[in-house]
**Student:** 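Got a structure for you, written out below as structure tokens; questions coming shortly.
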Amino acid sequence: MLDLKFVRENPQLVEEAMRNKGEEADLEEFLRLDEKRRSLLAKVEALKNKRNTVSRQIGELKRKGQDAQELLAQMKEVAEEIRLIDGAVREVEDKMQAILYYFPNIPDEDVPVGKDENDNVQVRSFGRPPEFSFTPKAHWELGESLGILDFPAAGKITGTRFALYRGAGARLERALINFMLDLHTKEHGYTEIFPPFLVHRHSMIGTGQLPKFAEDAFKVEGTDYYLIPTAEVPVTNLHREEILPGEALPIKYVAYSACFRAEAGAHGRDTRGLIRQHQFNKVELVKFVKPEDSSRELELLVADAEKVLQLLGLPYRVMLMCTGELGFAAAKKYDLEVWMPAYNTYREISSCSNFRDFQARRAGIRYRPDRGSKASYVHTLNGSGVAIGRTVAALLENYQQPDGSVLLPEVLAPYFGDDLLIKALSKR
RNA sequence: GGAUGGGUGGCCGAGUCUGGUUGAAGGCGGUGGUCUCGAAAACCACUGUGGAGUAACCCUCCACCGGAGGUUCGAAUCCUCUCCCAUCCGCCA
């Protein structure tokens, strides 16, 4: 959420941000309502002042046992007038709030202006796509022939866009979660959080999933609970409506969670494999930092996520997202894209964003720079560190052998077990 | 699910029965000062947030005692609804 005063004083910047991000909200109506609100406030506050003054007089008179009938009658009218204008003010404010929630965050100045993925800028890359002496198989083919991924079974139990992992597949998923959590806690200084997977509406609003993206979320019928689309939601809201001491910053959390996404509007895309699921696992990094540090902290966050892929030996590239790909709440975003042999291209495996004070304002997360000084909003950042399902897919495809087996990288041995070769079992 | 007790400023904690200078006693913490070679202690002063007016972080006014309504000239205080917390009982992984 943007600051009301910021919008009032910089309408052209808001306009520009909406244009570049491809977002829409009624800025003109908003500014008109703002004027109306202020004129109403001037009126009603003068009346309230009168009411307060006279009410005090009435109290005084009553205490002395004198008659206050005349003032009482007079104030009855004033009270009615106040009630009317207050109602009007609230109506205007509700409308303003509704629009304010729909203004996107302002992109950083170094974010390239662009429309779609073709305008993203590659920042750097790591590793080389492996060369195969055979035609590499897609991960779902490998997974099925190895007996470690069973999509038909998931379809039978639940439906499309769900996966069932079996045997070594299930163990690999679990191993990756632990590998990433250990890396970020032991090497990168994050504190591990295991959050609730269901949150209420205020949390969803706090991080920006609501009200605008309601159709992307799963809501539990008959309750006010939503299945989290990412651990970002519970973990960022951990400090909702709090004032953090300045010396506590930066705060760095890492959390594993299952993630649930309706994937509305993604019909027909990535229908096969692990790439796009209604439920997937993810290890998420979340930071709360001082405003002056957030640009640097984003770079560090990206580096922490990259470390995962480097250790796993997966080729990837770092992309700086253009304005059109930034998303609603982010001011700047890098995507990590991992090489997928069967797709013959790079696919997103991590998304690292700086939200500046956009989420913090919505969620009321502040800090006190020094003891005794005024509280102001923190900056929040988060990024996948990284998506587990897509990592499994990438490992299967990149480490596949001519005979259809998969040889996992050494670094996973402590988590997966010493036998890193996944072979097809003859059983059925 | 049933019963009871609670939610007040950065924190603790009065006030609610008996509505009226109560933005809210007192304490802690914080800031500034006196004292001191310096520090501690003691003492003094200051110390919430948001909004409107304004060139303005001076000032004036308005709002805020979990949240939303209501009664009233006037609500932290009375009424209704709701959320959360604690304890006990029941149920349960």
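As the structure is a computational prediction, the values presented were derived from the model and not from experiment. Lettering of chains follows the sequences in order, A, B, ..., and the numbering in each one begins at 1.
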**Student:** Among the nucleotides B:A52, B:G74, B:C62, which one has an atom lying closest to any side-chain atom of A:Arg37?
**Tutor:**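 Taking heavy atoms from C-beta onward, the closest nucleotide is B:A52.
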**Student:** Rounded to whole angstrom, note down the P distance from B:C62 over to B:G26.
**Tutor:**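 Per the computed distance, 24 Å lies between those P atoms.
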**Student:** What integer number of Å spans the P atoms of B:A75 and B:G67?
**Tutor:**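 Looking at atom P only, B:A75 and B:G67 are 16 Å apart.
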**Student:** Between P on B:C73 and CZ on A:Arg63, what's the gap in Å once rounded to a whole number?
**Tutor:**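 So the CZ-P distance, A:Arg63 to B:C73, works out to 18 Å.
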**Student:** With heavy atoms under 4.0 Å as the rule, sort A:Leu41 into base, sugar-phosphate or nothing.
**Tutor:**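 It contacts sugar-phosphate atoms only.
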**Student:** Determine the interatomic distance between C1' on B:U4 and the same-named atom on B:C11; round to the nearest Å.
**Tutor:**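 It works out to 27 Å between them.
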**Student:** Base, sugar-phosphate, or nothing: which does A:Arg201 touch, judged by heavy atoms less than 4.0 Å apart?
**Tutor:**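 The residue A:Arg201 makes no contact with any strand.
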**Student:** Could you pick out which residue, A:Arg38 or A:Gly59, lies toward the 5' side of RNA chain B when each is mapped onto its nearest nucleotide?
**Tutor:**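 On the 5' side of the pair lies A:Gly59.
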**Student:** At 4.0 Å (heavy atoms only), tell me whether A:Lys5 reaches a base, stays on the sugar-phosphate, or touches nothing.
**Tutor:**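 Result for A:Lys5 = sugar-phosphate.
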**Student:** Are there over 12 heavy-atom neighbours, none belonging to A:Tyr225, within less than 6.0 Å of that residue's OH?
**Tutor:**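 Counting other residues, nucleotides and ligands, OH of A:Tyr225 stays at 12 neighbours or fewer.
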**Student:** Given the ring of A:Phe151, does A:Arg272 sit roughly above its face, with NZ or CZ under 6.0 Å from the centre of the six-membered ring and within 45° of the axis?
**Tutor:**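 That pair does not qualify as a cation-pi contact.
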**Student:** Centroid-to-centroid, A:His379 to A:Phe358, below 6.0 Å?
**Tutor:**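 For A:His379 and A:Phe358, the ring centres are not under 6.0 Å apart.
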**Student:** For the side chain of A:Arg56, counting heavy atoms from C-beta on, which of B:C73, B:C61, B:U21 is nearest?
**Tutor:**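 Nearest nucleotide to the side chain: B:U21.
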**Student:** Just N and O in the side chain of A:Asn52: are any of them under 4.0 Å from OP1 or OP2 of B:G74?
**Tutor:**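 For A:Asn52, the contact criterion (side-chain N or O under 4.0 Å from OP1 or OP2 of B:G74) is not met.
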**Student:** Need to verify one output field. Residue with the more 5' nearest nucleotide on RNA chain B, A:Leu4 or A:Met75?
**Tutor:**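 In this pair, the answer is A:Leu4.
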**Student:** Given the structure, check if the side chain of A:Glu60 and the base of B:G20 hold any donor-acceptor pair shorter than 3.5 Å.
**Tutor:**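 No, the side chain and the base share no sub-3.5 Å donor-acceptor pair.
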**Student:** Determine the interatomic distance between P on B:G70 and the same-named atom on B:A86; round to the nearest Å.
**Tutor:**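 About 32 Å, rounded to a whole number of Å.
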**Student:** Does A:Arg51 place a side-chain N or O at less than 4.0 Å from the phosphate oxygens OP1/OP2 of B:A63?
**Tutor:**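 Yes, A:Arg51 has a side-chain N/O under 4.0 Å of OP1/OP2 on B:A63.
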**Student:** Please report the distance separating the C1' of B:C73 from the corresponding atom of B:U49, rounded so that it comes out in whole Å.
**Tutor:**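 About 28 Å, rounded to a whole number of Å.
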**Student:** Using both distances under 3.5 Å as the test, list the Watson-Crick or G-U wobble partner of B:G74, or none.
**Tutor:**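 Looking at the geometry, B:G74 pairs with no nucleotide.
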**Student:** If I take atom CG in residue A:Leu40 and atom C1' in nucleotide B:C62, what distance separates them, rounded to the nearest angstrom?
**Tutor:**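 Checked: the CG to C1' distance equals 14 Å.
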**Student:** Within the supplied structure, the quantity of interest is the number of heavy atoms (other residues, nucleotides, ligands) at a distance under 6.0 Å from A:Glu292 CD; does it exceed 12?
**Tutor:**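 Check passes, neighbour count above 12.
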**Student:** Should A:Glu173 and A:Asn281 be marked as a side-chain hydrogen bond (donor to acceptor under 3.5 Å, both in side chains) after you check the CA-CA gap, both sets of side-chain angles, and the distance that decides it?
**Tutor:** CA-CA 8 Å; A:Glu173 184 87 0; A:Asn281 292 309; 2.7 Å; yes
**Student:** Looking only at the aromatic ring of each residue, does the gap between the centers of A:Phe103 and A:Phe30 stay below 6.0 angstrom?
**Tutor:**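 Centroid distance A:Phe30-A:Phe103: below 6.0 Å, so yes.
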**Student:** Hey, does the side chain of A:Asn49 come within less than 4.0 Å of B:A52's phosphate (OP1/OP2), counting only N and O?
**Tutor:**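 No, A:Asn49 has no side-chain N/O under 4.0 Å of OP1/OP2 on B:A52.
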**Student:** In whole angstroms, how far is the P atom of B:A63 from the CG atom of A:Leu47?
**Tutor:**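 After rounding, the gap between these two atoms is 11 Å.
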**Student:** Quick one: A:Arg366 CZ to B:U49 C1', roughly how many Å, whole number?
**Tutor:**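 That distance rounds to 7 Å.
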**Student:** Checking all strands, does A:Arg240 fall into the base, sugar-phosphate, or nothing category for heavy-atom contacts under 4.0 angstrom?
**Tutor:**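 Nothing, no heavy atom under 4.0 Å.
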**Student:** If I take atom CD in residue A:Glu77 and atom C1' in nucleotide B:G74, what distance separates them, rounded to the nearest angstrom?
**Tutor:**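 The distance from CD of A:Glu77 to C1' of B:G74 comes to 17 Å, rounded to the nearest Å.
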**Student:** Should the ring pair A:Tyr253 and A:His239 be called parallel, tilted or perpendicular, given that the plane angle runs from 0 to 90° and is split at 30 and 60?
**Tutor:**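 Plane angle under 30°, so parallel.
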**Student:** Would you mind reading off the distance between A:Gln69 atom CD and B:G74 atom P, rounded to a whole angstrom?
**Tutor:**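 These atoms are roughly 14 Å apart.
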**Student:** Using Watson-Crick or G-U wobble geometry with both distances under 3.5 Å, which nucleotide pairs with B:C92?
**Tutor:**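 Partner of B:C92: none found under 3.5 Å.
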**Student:** Could you check which of B:G53, B:C62, B:C73 has an atom nearest any side-chain atom of A:Lys48?
**Tutor:**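 Shortest atom-to-atom distance from the side chain points to B:C62.
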**Student:** Tell me the partner of B:G48, counting only Watson-Crick (N1-N3 plus N6-O4 or O6-N4) or G-U wobble (N1-O2 and O6-N3) with both under 3.5 Å; none if nothing fits.
**Tutor:**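 Matched B:G48 with B:C64 under the 3.5 Å cut-off.
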**Student:** Hey, what's the ring geometry for A:Phe194 with A:Tyr256, parallel, tilted or perpendicular (30° and 60° as the breaks)?
**Tutor:**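 Because their plane-to-plane angle lies in the 30° to 60° range, the rings of A:Phe194 and A:Tyr256 count as tilted.
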**Student:** If you measure from the C1' atom in B:A76 to the same atom in B:U21, how many Å do you get, rounded?
**Tutor:**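 To the nearest whole Å, 16 Å.
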**Student:** Taking a pair as Watson-Crick or G-U wobble with both distances under 3.5 Å, which nucleotide is matched to B:C59?
**Tutor:**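 Matched B:C59 with B:G53 under the 3.5 Å cut-off.
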**Student:** Quick one: A:Lys76 NZ to B:G74 P, roughly how many Å, whole number?
**Tutor:**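 Spelled out: NZ on A:Lys76 to P on B:G74 is 8 Å.
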**Student:** Taking atom C1' in both B:G19 and B:C91, compute the distance separating them and give it to the nearest angstrom.
**Tutor:**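 Pairwise C1' distance, B:G19 against B:C91, rounds to 44 Å.
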**Student:** Would you tell me if any nitrogen or oxygen in the side chain of A:Arg368 comes within less than 4.0 Å of OP1 or OP2 on B:G10?
**Tutor:**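 No, no such contact exists.
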**Student:** Hunt down the Watson-Crick or G-U wobble partner of B:U18, both distances under 3.5 Å, from any strand shown, or write none.
**Tutor:**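 Pairing partner, where one exists within any strand: none, as none qualifies.
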**Student:** In this structure, how many angstroms lie between the C1' atom of B:G50 and the CZ atom of A:Arg8, rounded?
**Tutor:**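 Value for this atom pair: 13 Å.
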**Student:** Taking atom P in both B:G10 and B:U82, what distance in whole Å separates the two?
**Tutor:**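 Their P atoms lie roughly 29 Å apart.
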**Student:** Counting Watson-Crick and G-U wobble pairs only, both distances under 3.5 Å, name the nucleotide matched with B:C43, or none.
**Tutor:**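 The base-pairing partner of B:C43, which may sit in any strand shown, is B:G33.
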